[in-house]
Each structure stands twice: as structure tokens, then as C-alpha cells.
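Report on the structure given below.
Only heavy atoms go into these numbers, but all of them, side chains included; no hydrogens, no water, no symmetry mates.
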Amino acid sequence: MLEYFLGSYIITIFGLLTAYFWGEHVHMGSGLTCVFIAVVLGVLEVSLSFDNAVVNAMKLEKMSHVWRHRFLTWGIAIAVFGMRFLFPLLVVSIFAKISMAEVARIAVSDSEQYAHYLHQTHAPIVAFGGMFLIMLFLNYFFNHEKEVHWIKPIENWLSHLDHLKGIEVVISLLMLLATQNFVSADYKLHVTLAGISGIITYLLIDGFTHYLERHEQMRVAQCATKSVACTGLVSFIYLELIDASFSLDGVLGAFALSKDIIIITIGLAIGAMFVRSLTIMLVEKKTLAKFLYLEHGAHWAIGALACLMLVSTVKEVPEVITGLIGLAFIIAAFISSILHNKKMARLIAEENTKDSTNA
């Protein structure tokens, strides 16, 4: 366990020390309070991201060791400073029509005003992430070649819907249209455009990934290294976008605990690092192969999260509900996998006993 989580422990210690000294710098005597908030945010991030870790592990299994390492190093920098610090600044800058430098100044010096701006951009942000995750959810289950089903009656039926070309896009657009009907007039256009952008982004990344996978074996030998590198890069970008979509709701929800962008970034960074370490462990230990239904549970959790994100464009959804629903799917899938393994072991034992008796 230590080899997988050593980096996470180091980041945690460094982050909590930074949170303490930052708290003391901002307001004398508030250091320990800032440390506590950072810890709570880290735990919250991990609890909300179990499904994210499983989905990431699915992609990482197909990537080289080099790209797995880059996911843990480059990826954490993008996840922390890109999605949990710079991205909110960029969104606020676009919607408030002020420079990013000014937004950064407001975020550090006037947390209340920054939280107000970020709250105004909540609906389009979660619409983008929600539609991206909806596409991910539908594309996983709309696959007639998928032989393993967890919730068999539903998943078996869903698997045959991919015969209707583009059905996942149609369903996603219908969900987006239904959502924007309940959004206030000021945000209808923003939510619609953000949602469509989420769908287009998913289609572009997923399409390019499939293109590279299908043509990789057809490339000439001298281009093989370039092909692998390009495939790894696209998969890396794909993983970062999935992580970004998962983190959107958490970033916005974190302001319920603190208005300080530095403390929020530290807390979420600690959680994000543990999620990435967990992802690497799932891959190295081949956990997905041992627990058959974990993938299914993770994707049902993704579907639930995506729907809750769309609901949150209209009505606030508490983070605890989001976390518990996702965790419930993962735990249920884990238990089902254990029961399946026991059943298969019993059948194998019975078969061996029959063979011994016949002999």
C-alpha cells in the first residue's frame, strides 16, 4: 500500500502545512481551522470519486507504464492547478467579462465576491460536465458486444440500443432540452451551449481514440512508436476530461465549506492525489479483473452523478447525496462481484469433485 500512496502522504503533509501557514497569514489563529477544512475537503473529494477511480483504471489498463506515470505526475498538476484553480478563474473571467488576472486577485483578496461570481456560472459549468458524463454512461451500456451484465434485465436491453445509430446523442440532447426548460431565462442559452459543448467534446475525444485504436495495427513498423505515443496522449487527454467532469460539482460544492480558493485547492488536491494513487493500485493489482461488476457499478454511479448535475442547474443538490449514491453503486457492485466469485469457486469445486468421483 505504501508504494502506491507514498506520494499522496507527502502531498497531504505539505498541503496541510501550507493550509496552516496560509490560515495564520490571512487571519491569526485560524491555521488549525484551515487544516480541518482542507482535511474534510480531501475526504469529500475521495468519497465522491470512487467511481472516477474505477473508470480511470479501465483506461489506464490499456496504457503503457510511461503514460500511467505521466497520469500520476502531469495529470495531478492539471487536475489541481488546471481544473480546481485555473478553470474556475477562466469561467468567471468569461461570464463576468473581466481579465483572469483580476479574477485571480478577487479570488485571493475578496473570497465572497469570487464565490458570488462562481455561483452565477454554476449552471453552465455543471451542464457541460453532466452532458459529457451522460455520453460516457450511455456509450458504455449501449454496446451489443458487451457480454457481462450486472443488472441483467436492464443492461441486456440497453446493450441492444446501439443498433440505433446515434441514439446516445439523441437521448443526451433530449435530456438537455428537458433541463433547459426549467432553467431561468437568463441562463437558458448558456446552459444549452455548454451542454452541447460537452456532447461534442466527448464525441471528438472518443472518436479520435477509436480511430487510433483501429488503425494502430495497420501502421508500418517504423511508425509504431509514434502510434503508441499518440494513442497514449489521446487516452491521457480523455482521462483528464473525465476527471474534469467529475470534479466540476465538487469544486462548486466546496464553497459551502470555505470561500478561500487556496484552502479549497489544497483540500481538493489532497483528495485528487489519493484518487489517482487508488487508480494506479487498481490497475497494478488487476482489481477490475478480480471483481467483475465494479465497472458496471462505476458507470451506474456516473449516470446518477450526471443526472444530479443536470438537476443542480435548477435546484441545489447536497454533496452528501451525490457522494452516497455513487458510493452505494460501488459497494453494491463490489458485493455482487464477491458473491459471483464465491459462486464460481463453488461450481469449480463441485466440478472437480465430480471428475475425481468418475475417475
Whether the side chain of [X] engages the backbone of [Y] through a donor-acceptor N/O pair (distance < 3.5 Å, no angle test) should be reported.
X: Ser8; Y: Met273; value: yes
X: Gln180; Y: Thr192; value: no
X: Ser312; Y: Lys315; value: no
X: Lys146; Y: Val148; value: yes
X: Glu155; Y: Lys152; value: no
X: Asn143; Y: Ser159; value: no
X: Asn341; Y: Lys290; value: yes

- Between CG of Asp162 and CG of Leu138, what distance do you get to the nearest 0.5 Å? 11.5 Å
- Query: Just wondering, more than 12 heavy atoms not from Phe142 lying within 6.0 Å of its CZ?
  - Reply: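 Yes, because the 6.0 Å sphere around CZ of Phe142 holds more than 12 heavy atoms from other groups.
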- Say whether Phe14 and Ile37 are linked into one hydrophobic cluster, either directly or through other cluster members, by side-chain heavy-atom distances under 4.5 angstrom. no
- Query: Would Phe132 and Ile199 satisfy side-chain contact (heavy atoms from CB on, under 4.5 Å), going step by step from the backbone distance to the final call?
  - Reply: CA-CA 5 Å; Phe132 186 93; Ile199 295 172; over 6 Å; no
- Item | Stepwise side chain to side chain donor-acceptor pair (under 3.5 Å) check, Glu295 with Trp300 | CA-CA 9 Å; Glu295 284 184 29; Trp300 279 111; over 6 Å; no
- Query: Does the ring centre of His299 sit less than 6.0 Å away from the ring centre of Tyr140?
  - Reply: yes
